[in-house]
Amino acid sequence: MNAKLIAEKALKELQYDFRAFSIRGLISHISEMKGREIITIPWVMPATVFGAWMSDDEEPKEYIFYRDNVPVIHQVHIQLHELSHLLLGHPTLRINRKKIAEVFEERDSLPFADLPRLRSPQQTECETQAEALATLIQERVIQNSNMDQLLHDLSSEEKLANFLKTMGLS
Amino acid sequence: MIFAVELSICILVWALTISKMKTIHWQGVRKDGGIALHVWLMMVFFSITTVFLIKKFNDLFDAYTLNNLDRLIAYSSLLTGMTFGAMAAIEAVGKPSDRVIGHWLWRTLFATIIALVVIYSLFLSRLPNINSFVPQSLPEVLFMVITFALGILLSATVSRVYLNYLPSETAPIMRIRSILIIASAFVVCGYFIVKIIIAAGYFWPALASQGLIDLSWAFLISTVLLYFSFLLSNKMYARLVMISRNIQSWRTFQDLRYVREGLLRLFPEVVLPVTEPSFWSFILNPEYHLYRAIITIMDGKTMLEDLLSEGALHEEPPLWEGDMLREVVRVEQALQPVSSSGDFWEIVGEYRKAGRNLAQVQQQVSVWERIKNGIY
């Protein structure tokens with residue numbers, strides 16, 4: 001099955017209402033669905049690395065690190081990409097609370113170099129699938145917001161807007 | 001054939017009126033200043049008119065009532081419906097000065113109907129049933145011209161009111177609806193002008209040509225289609241607007257290509273290539289392709305910034321040299337002023353500008369290369 005078909009299947013299973021999309025809302029939806037707490041952390045990533053997902057092997061927690069120095073839309077996309085890995089059940093690195101604490105205390109660093117990268121010569125099938133799912137999610141969000149905006153904006157004239165509502169045309 | 005057309009129009013118009021009766025929120029009918037009520041009454045009177053559009057029904061109706069009574073009812077209900085329509089337009093988007101015209105429209109309507117009743121009582125009711133498109137007597141000419149002249153006045157009022165209003169409307173769907181209302185009013189105006197010319201065929205038979213009669217039918221059918229279209233729900237319009245926006249997005253996608261290709265030349269292995277969709281597959285799903293293109297560009301831009309800040313140009317050997325270095329400079333200069341704040345469409349617009357700038361620079365470069373190579 002190609003990456004887009006796999007992503008479409010995962011999107012269907014997600015059963016999320018994209019009309020009310022927010023990255024926080026989606027994260028708590030996935031969190032509930034998977035029974036795991038998802039913690040997103042803006043991070044100063046190494047050059048050419050955009051984001052990373054690591055799973056806690058002791059507690060039901062998932063850590064998503066994303067680049068903090070890119071535009072918001074890009075940050076959201078990176079988080080969606082990492083969430084997509086989780087949704088698609090891809091393998092990832094295991095860390096734990098102790099390791100995180102050491103990283104925050106600057107006694108250790110995160111193992112970004114051990115992760116496969118989408119934007120690298122060694123693109124894996126998992127990376128392509130996650131990218132396809134992230135794109136499909138954003139596509140839904142944009143489509144819904146476009147339609148919502150069009151349907152919400154009835155008229156510049158209040159009387160006409162009321163007329164459309166009364167006539168059942170809105 | 002004509003009977004089938006007449007019957008279809010009548011059934012469709014009645015179906016629309018009855019369906020609207022169910023969908024109108026009657027409890028909110030006063031909130032809009034009576035516009036919805038005026039429009040619904042317009043629909044009721046138009047529906048009555050369409051019944052008398054059916055020739056076979058008219059013959060039967062006249063046989064059981066009075067000669068040519070169908071004409072009096074049809075013309076009066078048509079003008080009443082149009083007056084309700086014009087009043088709805090004035091109430092909805094008219095200026096205070098238009099409201100004065102509104103009062104006069106009612107008075108003109110009553111005067112016209114009285115005139116029609118008088119002409120009917122004195123002349124038309126005594127004539128055999130009118131079966132021709134071209135009037136056969138002077139009272140018929142008068143009867144028609146009075147009706148059609150008021151029809152022109154009413155449709156001109158609607159188009160003038162909406163034409164004045166259109167520039168101030170910002171909602172895309174309402175703009176389209178307004179344009180359709182203006183178009184309907186113009187078509188109705190055209191219909192009545194043609195009908196007056198045909199009526200003048202009583203004096204100059206050359207004017208009552210079959211071509212003009214066919215044209216009046218064409219105007220009538222166009223009016224009915226436009227009438228249905230401006231009463232469609234916003235959801236239908238939203239789909240049409242989306243299709244038109246999707247077509248416009250294709251140009252944007254093409255402009256973004258220059259940036260994507262520039263970045264892909266710099267990072268052939270690391271920038272995820274966007275599959276080039278055909279025009280039709282793009283139209284079906286423009287958000288997907290535009291979003292993919294923007295993320296590809298953002299990835300490439302971030303990588304370029306990363307590598308430049310790490311001193312890629314000062315390494316030994318440098319990461320890029322010669323033509324590639326010039327490409328780096330061009331792409332970097334095109335992307336530098338881009339602001340990535342704002343919503344998705346604003347970002348798309350910004351990168352589109354960058355794409356156009358890059359295309360211009362590339363054209364200049366290729367012209368310069370040609371001059372250098374002695375092609376010019």
Side-chain angles (χ1 to χ4, degrees), chain A residues 3-4 7 45-50 67 69-78 80-81 117-123 127-128 131-132 134-170, chain B residues 20 22-26 28-29 31-33 35-37 39-40 88 91-93 165 168-174 177-178 231-235 237-238 241-242 245 267 269-272 285 287-288 290-292 294-295 298-299 301-303 305-307 309-310 339-341 343-345 347:
Chain A
K4 200 171 172 191
M45 306 298 277
T48 73
V49 177
F50 292 82
R67 197 177 251 266
N69 64 341
V70 289
V72 176
I73 187 172
H74 205 186
Q75 287 182 13
V76 170
H77 179 81
I78 297 164
L80 288 176
H81 174 94
R117 293 184 196 179
L118 169 67
R119 294 145 185 98
S120 78
Q122 295 82 36
Q123 286 163 13
E127 291 299 324
T128 319
E131 188 66 3
T135 305
L136 281 180
I137 291 173
Q138 274 290 35
E139 177 206 352
R140 288 289 163 90
V141 175
I142 298 164
Q143 274 178 353
N144 277 300
S145 81
N146 283 348
M147 201 52 120
D148 262 14
Q149 207 174 8
L150 273 178
L151 293 174
H152 184 73
D153 201 3
L154 289 179
S155 171
S156 317
E157 182 63 51
E158 198 187 338
K159 274 186 188 171
L160 263 185
N162 285 336
F163 158 70
L164 293 172
K165 282 183 205 157
T166 312
M167 284 294 281
L169 296 173
S170 60
Chain B
K20 281 290 152 217
K22 287 181 183 167
T23 54
I24 288 177
H25 305 297
W26 292 103
V29 90
K31 281 186 194 162
D32 66 356
I35 306 166
L37 191 62
V39 170
W40 189 73
E91 188 58 48
V93 295
Y165 167 70
S168 64
E169 178 60 73
T170 54
I173 292 179
M174 196 58 224
R177 207 185 279 279
S178 304
L231 287 166
L232 287 175
S233 89
N234 268 14
K235 281 178 187 148
Y237 279 105
V241 173
M242 293 296 278
R245 281 187 182 175
F267 306 105
E269 287 177 316
V270 289
V271 171
L272 203 65
N285 213 350
E287 291 88 357
Y288 179 86
L290 282 175
Y291 180 74
R292 223 4 310 127
I294 291 296
I295 292 299
M298 284 183 163
D299 283 352
K301 184 177 182 249
T302 309
M303 279 187 199
E305 284 164 359
D306 278 355
L307 294 172
S309 67
E310 285 192 342
S339 157
S340 294
S341 55
D343 72 5
F344 175 68
W345 296 107
I347 295 170

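What's counted below: heavy atoms across the whole structure, side chains too, no hydrogens, waters or symmetry copies. All chains are named by letter (A, B, ...) in the order of the sequence lines, taking the proteins before the strands, and each is independently numbered beginning at 1.
- Chosen from A:T135, A:V72, A:N162, the residue pairing most often with chain B at heavy-atom distances under 4.5 Å is A:T135.
- Put simply, of A:N69, A:I73, A:V70, the one with the most heavy-atom pairs under 4.5 Å next to chain B is A:I73.
- Here the NE2-CD1 distance, from A:H74 to B:I347, works out to 11.0 Å after rounding to the nearest 0.5 Å.
- Checked against side-chain hydrogen bond (donor to acceptor under 3.5 Å, both in side chains), A:R140 has no partners two or more places apart in sequence or in another chain.
- Tested against A:T166 for a side chain to side chain contact (heavy atoms under 4.5 Å, CB included), the candidates B:I24, B:L37, B:I35 yield a single pass: B:I24.
- The NZ atom of A:K159 lies 4.0 Å from the CD atom of B:E91; values are rounded to the nearest 0.5 Å.
- Between chain A and the residues B:W26, B:W40, B:Y288, the most heavy-atom pairs under 4.5 angstrom are made by B:Y288.
- One distance of note links CZ of A:R67 with CE of B:M298; it measures 13.0 Å at 0.5 Å rounding.
- Contacts between B:S168 and chain A at a heavy-atom distance below 4.5 Å involve the backbone alone (N, CA, C, O).
- When each of B:N285, B:L290, B:L231, B:I294 is scored by its heavy-atom pairs under 4.5 Å with chain A, the top score falls to B:N285.
- Of the listed residues A:E158, A:K165, A:M167, the one with more heavy-atom pairs under 4.5 angstrom with chain B than any other is A:M167.
- Within the 4.5 Å cutoff, the side chain of A:E131 has heavy atoms near those of the B:I295 side chain.
- By the 4.5 Å heavy-atom criterion applied to side chains, A:L160 and B:Y165 are counted as neighbours.
- Note that CG of A:L136 and CZ of B:R292 are 10.0 Å apart. Values are rounded to the nearest 0.5 Å.
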